[in-house]
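Counting starts at 1 for both ligands and their atoms, following the listed order.
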Amino acid sequence: MSASEPKKQRTNPQYELLYHPGIPGRGEHIRLAFEAAGVSYKDTANENLPNDKGLNGYREVLAVCDAKSTGDKDGNPPVFAPPALRIPGAKKDGGTLLIHQTPNILLYLGPELGLVPEDEAERLYVNQLTLTALDVSNEAHDTHHPVAVMQYYEDQKDEALKKATDFRETRIPKFFSYFERVLKGNESAGQGRYLVSDKLTYADLVWWQVVDGLKFAFPKEMEARSKEFPLIYTKFYPGIKEEKGIKQYLASDRRPKYGMGIFRHYPELDRQ
Ligand SMILES: N[C@@H](CCC(=O)N[C@@H](CS)C(=O)NCC(=O)O)C(=O)O
């Protein structure tokens with residue numbers, strides 16, 4: 001089943017990503033989708049990053065996620081947290097559409113950017129894999145914030161060590177085994193490079209970003225497991241890096257560096 005063609009020539013909407021400046025975070029899943037499709041987008045908080053550390057753009061992100069909002073002038077309901085995507089003219093009445101939740105944004109962008117197959121069952125499968133990969137991302141976040149999201153890592157280090165140990169020892173192998181089996185099951189079409197069909201989907205991009213983030217956060221653990229999941233390590237991960245659009249993006253200064261986001265490198269939480 002082939003992926004649908006991007007709609008960019010037909011509609012050319014001005015996609016605007018609203019996310020925290022300076023980190024990959026959940027916004028990265030949205031950036032990778034645009035970059036792979038070769039479709040331009042406005043990354044509001046990162047736009048003037050070298051000059052203002054993203055503060056001007058970030059004000060816009062905070063305004064969209066205003067905790068007192070009950071909705072906007074275009075009839076969009078309140079947004080809980082970034083990433084959000086704004087698309088002028090995308091509502092039926094011509095108004096601006098504003099959506100949030102990473103997998104929901106990808107569900108919207110998949111057909112727009114040609115990053116899903118035509119078949120409905122396969123589209124559901126792409127979304128299913130995306131939700132599963134994002135579960136891993138959430139669990140990776142919880143290794144450094146196992147007790148309280150709004151408190152410092154330094155105030156929950158003992159619990160973080162327990163959480164990270166369990167994550168490394170039981171959760172990483174469980175999820176990696178699953179994605180390895182998905183690649184194996186699709187090997188005749190995807191050749192180990194794609195999770196679904198013989199073309200890139202947004203599920204590939206999300207899972208790739210999660211593997212990449214884990215390589216940053218837990219380099220020793222990930223290195224130690226490299227022989228256990230041959231398709232992920234030798235076909236899928238390097239293959240996606242070479243995808244058109246992705247290769248150029250990763251080499252560009254648009255790709256934010258890992259820091260104090262979802263994927264953090266605390267050596268004491270890695271395999272010893
Ligand atoms: N499930 C949501 C999670 C959104 C989320 O947690 N965003 C973070 C930034 S990566 C945030 O700013 N959260 C604010 C909060 O939870 O208070 C998604 O995938 O979009």
Side-chain angles (χ1 to χ4, degrees), residues 15-34 41 43-47 49 53-70 72 76-87 97-110 112-113 115-116 126-153 155-156 160 163 167 171 175 201-214 216-217 254-266:
Y15 299 106
E16 183 185 9
L17 171 64
L18 296 146
Y19 193 65
H20 299 276
I23 53 164
R26 292 180 172 91
E28 196 61 8
H29 301 297
I30 317 300
R31 287 188 202 98
L32 287 171
F34 285 124
Y41 60 104
D43 191 347
T44 298
N46 279 331
E47 233 171 33
L49 199 57
K53 297 199 165 72
L55 284 177
N56 280 332
Y58 192 42
R59 273 189 207 114
E60 192 61 25
V61 179
L62 294 175
V64 162
C65 300
D66 179 4
K68 295 199 180 85
S69 166
T70 55
D72 70 8
N76 293 294
V79 168
F80 178 71
L85 186 71
R86 196 151 52 186
I87 318 107
L97 178 65
L98 177 65
I99 54 175
H100 83 288
Q101 281 284 2
T102 311
N104 194 44
I105 295 170
L106 292 168
L107 192 68
Y108 173 80
L109 287 178
E112 293 273 314
L113 302 181
L115 290 172
V116 280
V126 167
N127 196 46
Q128 188 173 296
L129 293 170
T130 298
L131 293 167
T132 309
L134 291 173
D135 284 347
V136 188
S137 175
N138 289 337
E139 291 196 24
H141 167 273
D142 292 350
T143 61
H144 50 79
H145 279 78
V147 179
V149 177
M150 302 309 282
Q151 285 173 19
Y152 291 111
Y153 163 66
D155 297 330
Q156 43 195 317
K163 184 81 181 173
F167 179 68
R171 304 301 284 166
F175 281 112
T201 67
Y202 67 78
D204 294 313
L205 297 170
V206 173
W207 175 235
W208 182 87
Q209 174 59 26
V210 171
V211 174
D212 194 64
L214 291 175
F216 170 79
R254 295 194 303 286
R255 166 83 168 169
K257 293 191 174 20
Y258 291 107
M260 298 303 278
I262 296 170
F263 297 107
R264 300 186 186 187
H265 178 52
Y266 291 115

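- Ring geometry for H141 versus H144: interplanar angle over 60°, hence perpendicular rather than tilted (30 to 60°).
- Checked against the 6.0 Å centroid threshold, F263 and F216 do not count as a close aromatic pair.
- Atom 13 (N) of ligand 1 has A81 CB, 3.7 Å as its closest protein atom, hydrogens excluded (heavy atom only).
- At the shortest separation from atom 5 (C) of ligand 1 among protein heavy atoms lies R26 NH1, 3.5 Å.
- Protein heavy atom in closest approach to atom 19 (O) of ligand 1: T102 OG1, 2.8 Å.
- Taking a cut-off of under 4.0 Å to the non-hydrogen atoms of P83, the atoms of ligand 1 that pass are 20 (O).
- The shortest side-chain heavy-atom distance between V79 and C65 falls under the 4.5 Å cut-off.
- Counting heavy atoms closer than 4.0 Å to ligand 1, residue H100 contributes nothing at all.
- You'll find the side chain of V206 stays beyond 4.5 Å of the side chain of T102, heavy atoms only.
- Closest to atom 16 (O) of ligand 1, if we only count protein heavy atoms, is F80 CE2, 3.9 Å.
- Atoms of ligand 1 found under 4.0 Å from any heavy atom of Y19 (numbered from 1 in listed order, with element): 9 (C), 10 (S).
- The protein heavy-atom contact nearest to atom 9 (C) of ligand 1 is H20 NE2, 3.4 Å.
- The pair E139-K163 fails the salt-bridge criterion, with no side-chain N (NZ, NE, NH1 or NH2) lying under 4.0 Å from an Asp/Glu carboxylate O.
- Between the side chain of D204 and the backbone N or O of T201, at least one donor-acceptor pair lies under 3.5 Å.
- The protein non-hydrogen atom at the shortest distance from atom 4 (C) of ligand 1 is P82 O, 3.6 Å.
- At least one protein heavy atom sits closer than 4.0 Å to atom 1 (N) of ligand 1.
- Annotation for Q209 and P24: closest pair NE2-CB, 4.1 Å, computed over non-hydrogen atoms.
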